[in-house]
2 protein chains.
Amino acid sequence: MSDHEQLRTATSHGQSGDALPPVEQHAKQYETVRYAHETELIEDYVELIGDLIRHRGEARAADIANRMAVSQATVSKMIRRLNELGLVTSKPYRSLFLTEEGQAMAETSRARHNVVLHFLRALGVDDSTARIDAEGMEHHVSDETLAIMQRFTEQRQS
Amino acid sequence: MSDHEQLRTATSHGQSGDALPPVEQHAKQYETVRYAHETELIEDYVELIGDLIRHRGEARAADIANRMAVSQATVSKMIRRLNELGLVTSKPYRSLFLTEEGQAMAETSRARHNVVLHFLRALGVDDSTARIDAEGMEHHVSDETLAIMQRFTEQRQS
DNA sequence: GATAATAGTTAGCCAAGGCTAAATTGTTTG
DNA sequence: CAAACAATTTAGCCTTGGCTAACTATTATC
């Protein structure tokens with residue numbers, strides 16, 4: 001754990017600019033990002049499956065592959081994982097269904113996604129850009145920030 | 001490419017809610033996220049190395065490992081990649097330096113990061129939350145959105 | 001200046017998330 | 001209803017980014 005950094009003072013090289021955060025806090029930032037990366041693909045799949053069911057009545061692997069711009073083999077492998085995680089049920093060669101848990105995750109993700117998307121539009125971001133940015137940002141926005149985004153959007157729209 | 005989705009009309013299952021975007025646009029969203037994931041770790045390392053040099057006068061592998069909450073072996077391996085990419089120069093067992101290109105990347109990343117961080121604070125997000133969210137969001141914010149964030153922050157602070 | 005402590009590297013493991021090619025199952029249609 | 005086509009799965013490959021353990025180099029201390 002030894003931290004020779006502590007031997008230096010905060011200003012010994014101070015070309016100003018924002019200071020480095022304390023090591024523990026800095027570490028937590030990166031850990032949070034790594035954790036988000038572990039979960040976000042799963043959430044994206046579940047969210048998309050939910051959307052497909054909602055809008056089309058069913059979710060088929062080929063549609064997922066098309067919309068994610070990924071091979072069918074990749075989707076197939078992923079579906080196995082989602083199955084193991086208890087998020088979807090599927091019979092071979094048939095379309096997919098979300099479990100209770102999967103539905104809850106889809107719902108949460110969708111809500112989150114929408115808050116971010118509407119916030120960006122309220123900020124004045126162009127629709128297609130907002131969609132792209134929202135897709136990337138949604139998994140990295142804390143509940144606190146999400147609540148603030150939602151309030152902001154509501155104020156702008158009333 | 002065959003897309004049986006097109007056989008359905010947009011409203012055939014319309015429980016309303018936002019509609020699905022067209023396939024091509026939807027695909028672009030996910031592709032953009034995947035691309036960001038490929039580059040963001042690299043950028044994070046380069047940005048951190050830049051910050052360490054800036055604030056401490058040097059960047060040592062142990063400090064990077066501590067701040068990223070990652071093992072030294074992981075850092076060592078990553079540094080080799082950064083070397084191959086022409087972003088850093090390093091002699092074995094010595095501290096690191098950024099190449100021209102590395103410095104440019106560090107500068108860009110730092111600027112981007114700061115815009116997002118200051119924006120979140122201006123929005124009213126708590127400092128430590130803002131730091132965490134900014135770390136995750138920075139790689140997923142388009143230039144367009146970034147510019148809007150910057151304008152917003154400036155207006156709030158004047 | 002020898003030894004202990006610290007820092008860095010290497011080897012080898014693992015899981016995730018891509019891919020292509022080949023095999024299998026389902027569906028449509030002549 | 002058989003053949004062609006479409007959808008899904010499986011097998012096997014690759015790269016990334018983690019890890020631990022063992023080794024090497026540098027630095028600090030007595």
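Note on naming: letters A, B, ... go to the chains in the order of the sequence lines (proteins, then strands), and numbering restarts at 1 for each one.
- The residue among Y45(A) and V75(B) whose nearest nucleotide of DNA chain C is located toward the 5' end is V75(B).
- Separating the CD1 atom of I42(B) from the P atom of dT15(D) is a distance of 15 Å, rounded to the nearest angstrom.
- Summarising the geometry, the separation between CG on D63(A) and P on dA7(D) is reported as 9 Å, rounded to the nearest angstrom.
- Contacts of V70(A) with the nucleic acid, taken as non-hydrogen atoms under 4.0 Å apart, involve only primed sugar atoms and P, OP1 or OP2.
- Between L96(A) atom CG and dA7(D) atom C1' the separation is 12 Å, expressed in whole Å.
- Straight-line distance from the CD1 atom of I64(B) to the C1' atom of dG17(D): 15 Å, rounded to whole Å.
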Go through the steps for R121(B) and D127(B) under the test salt bridge (charged side-chain N to carboxylate O under 4.0 Å, His left out), then give the verdict.
CA-CA 7 Å; R121(B) 292 205 277 233; D127(B) 183 76; 2.4 Å; yes

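- Separating the CD atom of Q72(B) from the P atom of dA11(C) is a distance of 17 Å, rounded to the nearest angstrom.
- Counting atom types as modelled, Y93(B) pairs a side-chain N or O with a base atom of dT24(D) as donor and acceptor under 3.5 Å.
- For the pair S71(A) and dC19(C), the criterion of a side-chain N or O lying under 4.0 Å from OP1 or OP2 is met.
- When the side-chain nitrogen and oxygen atoms of R94(A) are compared with OP1 and OP2 of dT27(C), one or more of them lie within a distance under 4.0 Å.
- At a threshold of 4.5 Å between non-hydrogen side-chain atoms, the residues R34(B) and V70(A) count as touching.
- Under 4.0 angstrom from either OP1 or OP2 of dT8(D) there lies at least one side-chain N or O belonging to R60(A).
- For the pair T74(B) and dC19(D), the criterion of a side-chain N or O lying under 4.0 Å from OP1 or OP2 is met.
- Residue-to-nucleotide proximity on DNA chain D shows that, of K77(A) and K91(A), the 5′-proximal contact is made by K91(A).
- Among the heavy atoms of the strands lying under 4.0 Å from L41(A) are primed sugar atoms or P, OP1, OP2 only; no base atom is included.
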Can you check salt bridge (charged side-chain N to carboxylate O under 4.0 Å, His left out) on D44(B) and R67(B), steps first, answer last?
CA-CA 11 Å; D44(B) 283 346; R67(B) 289 193 172 265; over 6 Å; no

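- Between H140(B) and H140(A), the angle of the ring planes stays under 30°, which puts this pair in the parallel group of the 30/60° scheme.
- The separation between N66(A) atom CG and dA7(D) atom C1' is 11 Å, rounded to whole Å.
- With respect to R112(B) and D143(B), a salt bridge is recorded, a charged nitrogen being found less than 4.0 Å from a carboxylate O.
- Nearest heavy atom pair, residue T129(B) against residue S142(A), reads CG2-OG, 3.1 Å.
- Dashed line: the shortest gap from a side-chain N or O of R81(B) to OP1 or OP2 of dG17(D) is under 4.0 Å.
- Taking side-chain N and O atoms only, R80(B) has no distance below 4.0 Å to OP1 or OP2 of dT9(C).
- A73(B) comes within 4.0 angstrom of a base, heavy atoms only.
- Summary of the strand contacts: S95(A) and R34(A) both lie near DNA chain D, and taking for each the nucleotide with the nearest heavy atom, the more 5' one is attributed to S95(A).
- For the pair M68(B) CE and dT16(D) P, the computed distance is 17 Å after rounding to whole Å.
- In this structure, M78(B) places its CE atom 17 Å from C1' of dT9(C), rounding to the nearest Å.
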